[in-house]
There are 2 protein chains.
Amino acid sequence: MSPRPGIDRHQLLQAAAELADQGGFHSVTLAALAGRLGVRSPSLYNHVDGLPGLHAALTQYGLQILHERLLKAVAGRSGEEALRHVCIAYVEFARTHPGLYEAALQPIQPDHADTKQIGDDIVGLLLQVLAHYGLEEAEALHSVRTLRSLCHGFSSLERGGQFAMDLSLDESLAYMIQIFIQGLNAQRRD
Amino acid sequence: MSPRPGIDRHQLLQAAAELADQGGFHSVTLAALAGRLGVRSPSLYNHVDGLPGLHAALTQYGLQILHERLLKAVAGRSGEEALRHVCIAYVEFARTHPGLYEAALQPIQPDHADTKQIGDDIVGLLLQVLAHYGLEEAEALHSVRTLRSLCHGFSSLERGGQFAMDLSLDESLAYMIQIFIQGLNAQRRD
DNA sequence: TTGCTAAAACTAATGATATTAGTTAATATG
DNA sequence: CATATTAACTAATATCATTAGTTTTAGCAA
């Protein structure tokens, strides 16, 4: 134990995530976080390495939770059902935690191996989901990039209010997944 | 004419775009822009409505140029060829002007009707490209959302260094477009 | 219990930024 | 050539991140 307990790290990350979800990733400032934790800004330097360190920590935290959600979505499922559910879980996470999701997709610093690892775990999970389609290695990797582009693009555009038209977003999502699945099936046949 | 010429608006936007391409959208500050233009920051308030106004202006400028590039890409082309070229032009724009692209996809303020219009023009252009597939209205709109998700997701992840694996990005892009086209064709047959 | 130590909080100070108010300078037009 | 308009400027304020140095607190050992 420390000579003095101070701020709990999970409580810090949770508070930062709430700030992000309320005002976007850029609104996660040391001043705002300190205010929410009832502490002066310089005190936070005992817990994170300045603002960049806070941002990096939130990125890792976001990736962890995203990974958990995706794991839950594919648990006990396989094939097309697993694929549909993983896409929906991805978008749902971005919807319910927009700021934390935004944090999760910030560029990862080259020296943060543990954060990188979580990203790789997510890629591995998606590879496993796509294994059902029996693609060759390179094709499987291209497919994962396509899937990530779809899910991230949809989430990002939705959050940014870029889908302004009066048309169901959930129907668009279902349509998008369908297009991807049919494209994959066609690819498999070639 | 003005009693005093001052800074040319196009020159201002060009300088802001260069700042964005060099250091990202967030590095477009009044101080940095003023420095580049050889002027003090408060002088910029004669040309843009503070930092939010500068950002909004850069968003509109980015959308304009993106629209131009997409128009050029589809000029004299049709069907699958137009679709492939519009995707490639989209991603190429994001690659060569990462910061301006980032600006173009910032959320649009509800009161900026002219900026919104350019976004609608881009959607209209994509609808025209997809007309070749003879989809029903709702399906066509879902397809445009899918296409935008793909292109934006790919561009955004690529720029963020999220495609870390040692695997050709251009092959991934071509694969992605192929999946989309095959998905569309399957959709059309149903 | 009491004193020591380690860690976390604090205050004070600095530098960068956006922004506003008020002033000066330059130029197109009569 | 005088004027009005507009764009530039300086000065000042508030917010933020950051660093340095100090104080406080809580676990632990004597």
Using modelled atom types only, decide if a donor and an acceptor are shared between the side chain of [X] and the backbone of [Y] within a distance under 3.5 Å.
{"X": "A/R148", "Y": "B/L157", "value": "no"}
{"X": "B/T59", "Y": "B/A103", "value": "yes"}
{"X": "A/H112", "Y": "A/A57", "value": "no"}

Value in whole Å for how far the [atom2] atom of [N] lies from [atom1] of [X]:
{"X": "B/L51", "N": "D/dC16", "atom1": "CG", "atom2": "P", "value": "15 Å"}
{"X": "B/R9", "N": "D/dT6", "atom1": "CZ", "atom2": "P", "value": "16 Å"}
{"X": "B/I7", "N": "C/dT27", "atom1": "CD1", "atom2": "P", "value": "14 Å"}
{"X": "A/H55", "N": "D/dC16", "atom1": "NE2", "atom2": "P", "value": "13 Å"}
{"X": "A/L33", "N": "D/dT18", "atom1": "CG", "atom2": "C1'", "value": "16 Å"}
{"X": "B/L19", "N": "C/dT17", "atom1": "CG", "atom2": "C1'", "value": "15 Å"}
{"X": "A/D49", "N": "D/dT18", "atom1": "CG", "atom2": "C1'", "value": "11 Å"}

request  = Ignoring backbone atoms, test whether A/S43 places a side-chain nitrogen or oxygen under 4.0 Å from the OP1 or OP2 oxygen of C/dA8.
outcome  = no

query = Between A/H47 and C/dA9, is there a side-chain N or O to OP1/OP2 distance below 4.0 Å?
reply = yes

Could you please name the option among [options] that lies closest to any side-chain atom of [X]?
{"X": "A/N46", "options": "C/dA8, D/dC9, D/dA17", "value": "C/dA8"}
{"X": "B/V39", "options": "D/dT10, D/dA8, C/dA9", "value": "D/dA8"}
{"X": "A/R40", "options": "D/dA17, C/dC10, C/dT19", "value": "C/dC10"}
{"X": "A/Y45", "options": "C/dT19, D/dT18, C/dA18", "value": "D/dT18"}
{"X": "B/T29", "options": "C/dA18, C/dT20, C/dT11", "value": "C/dA18"}

request  = Kindly say whether the aromatic ring centers of B/H97 and B/Y101 come within a distance under 6.0 Å.
outcome  = no

message = Measuring centre to centre across the rings, with the benzene-like ring taken for any Trp, is B/H152 within less than 6.0 Å of B/Y90?
response = no

